[in-house]
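Read through the structure below, which is laid out as structure tokens, and then see the notes.
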Amino acid sequence: MLTLTENAQKAVSRFISGAEEPVTGLRIGVAGGGCSGFQYTMALEQGAEEGDTVLDIADFKIFVDPHSVPLLSGVSVDFLDGLEGSGFKFE
């Protein structure tokens, strides 16, 4: 299904530990982007919603809604931190 590189796992763990509210994981989804196609979405979450696929990754969980599961199949998420900026990269 969906994989996160070691850099992405470390970044998510940092974001979760720095959150103001209690957080157990990260929601990753795919939303329609109009004329630009699909867009990946990410948000810190307190827990799963009904119907979610839940992946246990390192010390946190990934929550994926049923619509996004087939669209994220085989996707790898990395976190890049360089001179041009930092952010998550979906391949």
Side-chain angles (χ1 to χ4, degrees):
M1 164 155 218
L2 175 73
T3 59
L4 273 75
T5 66
E6 186 176 333
N7 283 343
Q9 291 176 27
K10 288 178 183 177
V12 172
S13 292
R14 274 195 323 268
F15 296 139
I16 288 174
S17 66
E20 294 179 12
E21 301 287 325
V23 174
T24 60
L26 177 72
R27 176 170 300 282
I28 299 179
V30 179
C35 59
S36 63
F38 291 115
Q39 296 179 21
Y40 296 106
T41 61
M42 300 176 79
L44 297 177
E45 293 281 340
Q46 293 180 354
E49 295 180 4
E50 187 174 332
D52 280 351
T53 296
V54 180
L55 306 173
D56 286 310
I57 308 245
D59 58 344
F60 59 89
K61 297 181 185 304
I62 299 289
F63 309 115
V64 182
D65 66 88
H67 168 75
S68 298
V69 168
L71 299 172
L72 291 170
S73 179
V75 170
S76 176
V77 182
D78 194 10
F79 185 79
L80 305 175
D81 194 9
L83 294 174
E84 297 176 8
S86 62
F88 289 96
K89 180 180 179 183
F90 289 75
E91 292 183 1

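When reading the values below, keep in mind they use all heavy atoms of this one structure, side chains included, and skip hydrogens, waters and symmetry mates.
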With sequence neighbours excluded, residues passing side-chain contact (heavy atoms from CB on, under 4.5 Å) with [X]:
| X | value |
| --- | --- |
| N7 | T5, D78, F79 |
| S73 | none |
| V30 | F38, Y40, S68, L71, L72 |
| A19 | V23, L44 |

Would M1 end up clustered with V12 when hydrophobic side chains under 4.5 Å apart are linked, directly or stepwise?
yes
Drop me the distance from [X]'s [atom1] to [Y]'s [atom2], to the nearest 0.5 angstrom.
| X | Y | atom1 | atom2 | answer |
| --- | --- | --- | --- | --- |
| K10 | D81 | NZ | CG | 12.0 Å |
| E45 | I28 | CD | CD1 | 11.5 Å |
| E49 | D65 | CD | CG | 8.0 Å |
| K61 | T53 | NZ | OG1 | 13.0 Å |
| I62 | M42 | CD1 | CE | 7.0 Å |

With a 4.5 Å limit on heavy-atom distance, are the side chains of F60 and L4 in contact?
yes
Please list all pairs passing the ring pair (Phe, Tyr, Trp, His ring centres under 6.0 Å) test where one or both residues lie in residues 10-32, with sequence neighbours left out.
none
Side-chain cluster (under 4.5 Å, hydrophobic types only) that V54 belongs to, other residues
F63
Short side-chain to backbone donor-acceptor contact, T24 and Q46, under 3.5 Å
yes
Before you tell me yes or no, could you show the steps for T41 and R27 under side-chain contact (heavy atoms from CB on, under 4.5 Å), namely the whole-Å CA-CA distance, both residues' side-chain angles and the distance that decides it to 0.1 Å?
CA-CA 8 Å; T41 61; R27 176 170 300 282; 5.8 Å; no
